[in-house]
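I have placed the structure first, in the form of structure tokens, so that the comments after it can refer back to it.
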Amino acid sequence: MEIFSSFETFLLSLFSCIILVIFILIKWFSFDSKNRKNIPPSPPKLPIIGNFHQLGSSTNRNLQILSQKYGPLMLLHLGSIPTLVASSNEAAREIMKTHDVSFCSRPSLIASNIFFYGSKDVAFAPYGEYWRQLKSLVVLKLLSNIRVKSYKKVRENEIVDMIQVLGESCGTTIDMRPMFTSLTNNIICRIALGRKLDGPKYQKLLSRIADMFNAFYIGDYFPWLSWVDHIVGSIQRAEKIAKECDEFLERTIEEHVNNKKREDAKGDEEEDFVDILLDLQKDNTSGLQLQRDTLKALILEVFAAGTDTTQTSLEWALSELIRNPRVMKKLQQEITEIGKGKSMIYEEDLERMPYIKAVVKESLRLHTPLPFLLPRKLVQDVKVMGYDIAADTQVIINAWAIARDPTLWEEPNEFRPERFLNNSIKYQGLNFEWIPFGAGRRSCPGIQFSLPVMELALANIVYKFDMALPNEIKNEELDMTEAFGITTYRKFPLVVSVSPRF
Ligand code: HEM
């Protein structure tokens with residue numbers, strides 16, 4: 001009996017143990033399946049550097065190739081920063097429309113913290129009330145349609161000056177890059193500061209700032225190695241240039257505060273941006289206290305965001321026109337018909353020139369100036385296209401690859417402005433197959449500011465001049481290699497010989 005009862009106890013204990021193990025296994029499996037994440041596919045990575053070795057010097061192309069294997073949403077590890085890469089129009093739509101509010105912050109980057117006083121500008125400020133107020137101030141007060149239209153004379157005057165310099169260069173060869181650099185710098189300086197900057201010193205300062213933005217800072221991707229940036233001197237270099245820039249901005253603001261130079265420099269022009277910002281600083285009704293650092297960050301932002309992008313777009317567009325004589329001829333016909341022997345093309349003439357608008361759009365498609373737009377940062381966990389994406393992930397959108405996607409664009413590598421004639425694709429980021437200015441809350445507020453400059457400059461150049469490549473290089477042989485940075489430049493500046501059309 002005793003044996004039987006201990007056997008019974010043994011069986012009972014064994015049974016309880018089995019039940020307990022089954023229970024634990026069920027619990028464990030159900031816990032795991034609930035918590036198992038569906039992470040986007042990732043290319044294989046190396047220890048420490050992650051996927052950096054796969055980026056190469058043509059990052060836009062290399063990411064496009066990777067996306068053909070790993071899909072439109074890939075998760076890369078750039079050093080220790082998880083980075084989601086979107087490479088299709090659907091993925092871009094999910095990020096910048098469906099989940100825009102989750103994806104609308106920016107990563108904290110070393111250069112933006114150094115140059116923009118701790119990212120106090122619009123483009124790099126983290127998402128929040130400060131950014132919201134600042135962006136609406138910029139959109140409503142500095143870059144509104146009415147305000148931008150009021151600077152029409154500035155644009156036209158500067159283009160007349162450029163055409164004159166080009167005219168004086170007829171019969172010789174001329175590098176178009178410095179031409180476009182001074183055109184955009186002069187226009188932005190006059191609009192933002194009320195006057196042009198004298199001499200090459202400031203042009204140089206602006207280009208050094210751009211270089212510092214394009215530089216690579218180890219601490220951005222390996223925060224635990226940020227001391228290396230100090231050892232190699234990149235932080236010190238950036239800080240030195242930022243100090244020079246700060247002195248310049250301080251001087252400019254003081255000049256405006258003291259109302260020196262203003263009266264004689266401005267003539268019949270509208271208020272410049274510094275004037276407007278100083279007025280807004282006094283008038284507190286916007287609810288945003290415009291501190292001195294914010295003011296300086298905003299002034300610098302206009303230069304940083306507006307010069308490089310516009311000048312590189314102009315250089316690419318003119319390159320494509322030279323490389324495609326058929327398009328150049330058609331454009332010259334349109335412009336000549338509207339120009340009818342006038343001394344120049346004016347902004348109001350552009351309204352009757354659908355082809356120039358298509359040329360600019362097509363050039364922005366093939367040569368998206370910011371191929372990855374500006375990086376975003378995810379503010380909360382979110383599910384996108386069935387994948388779980390964790391808060392704080394950095395996000396880049398390969399707008400360049402989307403604009404050359406053969407499933408969206410017929411013969412995507414051809415320059416064919418006709419594809420933008422009679423269609424409804426707008427600049428404002430509603431058609432995700434073409435987003436040179438981004439989309440959603442963080443989209444570019446400078447569209448209306450840069451378009452008239454690009455369209456008017458191109459229209460006047462091709463109205464007045466025929467252009468050919470020097471040294472008997474055939475037009476179609478023009479080298480179109482890209483130099484990769486935040487902004488995609490031509491690797492080799494566009495050098496042309498110019499002859500008058502009439
Ligand atoms: C061809 C000329 C230009 C191009 C291609 C361009 C492109 C872009 C792109 C792609 C973004 C990021 C959008 C996103 O994250 O979705 C951006 C942001 C921005 N752009 Fe532009 N831009 C141009 C000209 C300008 C100009 C002239 C200004 C000002 C005068 C300007 C001011 C800004 C600002 C302030 C932001 C930040 C917006 C934010 O973060 O909320 N841009 N731009």
Side-chain angles (χ1 to χ4, degrees), residues 86 92-93 95-97 100-101 103-107 109 112 116 119-128 130-144 147-148 151 155 180 183-185 187-193 272-273 276 294 297-317 360-361 363-377 394-400 402-403 427-430 432 434-455 457-458 486-489:
R93 182 192 303 277
I95 288 168
M96 296 194 285
K97 187 171 181 198
D100 186 33
V101 70
F103 281 101
C104 65
S105 202
R106 302 272 193 217
L109 299 175
S112 62
F116 293 123
S119 299
K120 289 207 170 71
D121 61 323
V122 179
F124 292 99
Y127 183 61
Y130 174 82
W131 166 81
R132 212 184 51 73
Q133 291 195 357
L134 208 59
K135 181 141 188 191
S136 73
L137 182 146
V138 166
V139 169
L140 298 175
K141 306 287 181 184
L142 300 185
L143 299 175
S144 68
R147 181 74 68 190
V148 169
Y151 297 117
R155 290 185 288 270
F180 289 142
L183 174 73
T184 48
N185 280 347
I187 291 177
I188 291 197
C189 283
R190 285 180 63 182
I191 293 176
L193 314 177
D272 62 54
F273 283 1
I276 299 167
T294 304
L298 281 182
I299 301 169
L300 182 60
E301 174 117 295
V302 174
F303 285 93
T307 47
D308 254 23
T309 45
T310 312
Q311 79 199 37
T312 192
S313 305
L314 273 169
E315 203 182 351
W316 280 117
V360 170
K361 282 181 167 173
S363 181
L364 288 169
R365 181 187 69 81
L366 273 179
H367 307 286
T368 314
L370 299 175
F372 300 134
L373 312 180
L374 289 178
R376 307 256 182 136
K377 194 171 119 181
Q394 176 174 285
V395 184
I396 54 180
I397 290 153
N398 195 348
W400 177 91
I402 298 171
Y427 278 104
Q428 280 71 15
L430 305 169
F432 288 83
W434 184 73
I435 40 170
F437 292 93
R441 285 174 174 71
R442 297 288 322 214
S443 65
C444 177
I447 303 175
Q448 296 311 328
F449 189 100
S450 48
L451 281 185
V453 179
M454 292 192 277
E455 293 171 355
L458 274 184
I486 297 180
T487 315
T488 302
Y489 276 98

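Read the numbers this way: they start at 1 and go in the same order the structure lists the ligands and their atoms. Numbering starts at 1 and runs along the sequence shown. Since this is a predicted model, take the numbers as computed values, not measurements.
- Side-chain contact annotation: Thr184 with Thr307, donor-acceptor N/O pair under 3.5 Å absent.
- Close approach to Ser443 involves these atoms of ligand 1, each under 4.0 Å from a residue heavy atom: 13 (C), 16 (O), 38 (C).
- Contacts between Pro436 and ligand 1 below 4.0 angstrom, taking non-hydrogen atoms only, involve the backbone exclusively.
- At a 3.5 angstrom cut-off on N or O pairs, Arg376 counts as close to ligand 1.
- Residues Pro126 and Ser119 approach most closely at CD-O, 4.4 Å, considering heavy atoms.
- With atom 32 (C) of ligand 1 as the reference point, the heavy atom nearest to it among Gly429, Ala305, Ala92, Ala192 is part of Ala305.
- In terms of protein heavy atoms, atom 28 (C) of ligand 1 is closest to Gly446 CA, 3.7 Å.
- Neither the backbone nor the side chain of Ala399 has a heavy atom within less than 4.0 Å of ligand 1.
- Close approach to Ala439 involves these atoms of ligand 1, each under 4.0 Å from a residue heavy atom: 16 (O).
- Arg147 contributes a side-chain N or O that, together with a main-chain N or O of Lys141, makes up a donor-acceptor pair within less than 3.5 Å.
- Ranking protein heavy atoms by distance to atom 34 (C) of ligand 1, first place goes to Pro445 CD, 3.3 Å.
- The aromatic rings of Phe449 and Phe273 sit tilted relative to each other, their planes meeting at an angle between 30° and 60°.
- Note: an N/O pair closer than 3.5 Å links Lys135 and ligand 1 by distance alone.
- Residue-level proximity to ligand 1 for Trp131 is carried by the side chain, the only part with a heavy atom below 4.0 angstrom.
- Residue contact check: Gly306 has heavy atoms under 4.0 Å from atoms 26 (C), 27 (C) of ligand 1.
- For Leu370, every heavy-atom contact with ligand 1 shorter than 4.0 Å involves the side chain, none the backbone.
- Taking any N or O of Ser313, backbone or side chain, none lies under 3.5 Å from an N or O belonging to ligand 1.
- Note: Phe116 and Phe124 have parallel aromatic rings, judged against thresholds of 30 and 60 degrees for the angle between ring planes.
- Residue contact check: Met454 has heavy atoms under 4.0 Å from atoms 1 (C) of ligand 1.
- Rounding to the nearest 0.5 Å places CG of Asp121 at 7.5 Å from CG of Leu298.
- Proximity of Leu374 to Arg442: side-chain heavy atoms (C-beta onward) are nowhere separated by under 4.5 Å.
- Distances below 4.0 Å separate heavy atoms of Phe449 from the following atoms of ligand 1: 27 (C).
- Here the options are Ile396, Ile486, Ile397, the test is side chain to side chain contact (heavy atoms under 4.5 Å, CB included), and the partner is Pro375; only Ile396 passes.
- For ligand 1, the atoms lying closer than 4.0 Å to a non-hydrogen atom of Leu373 are 10 (C).
- The parts of Phe437 lying near ligand 1 are both backbone and side chain, judged by heavy-atom distances below 4.0 Å.
- At the top of the distance list for atom 22 (N) of ligand 1, counting protein heavy atoms only, stands Cys444 SG, 3.1 Å.
- Distances between N or O atoms of Arg442 and those of ligand 1 include at least one value under 3.5 Å.
- Within the 4.5 Å cutoff, the side chain of Thr488 has no heavy atoms near those of the Trp400 side chain.
- In this structure, atom 35 (C) of ligand 1 lies nearest to the protein heavy atom Glu301 OE2, 3.4 Å.
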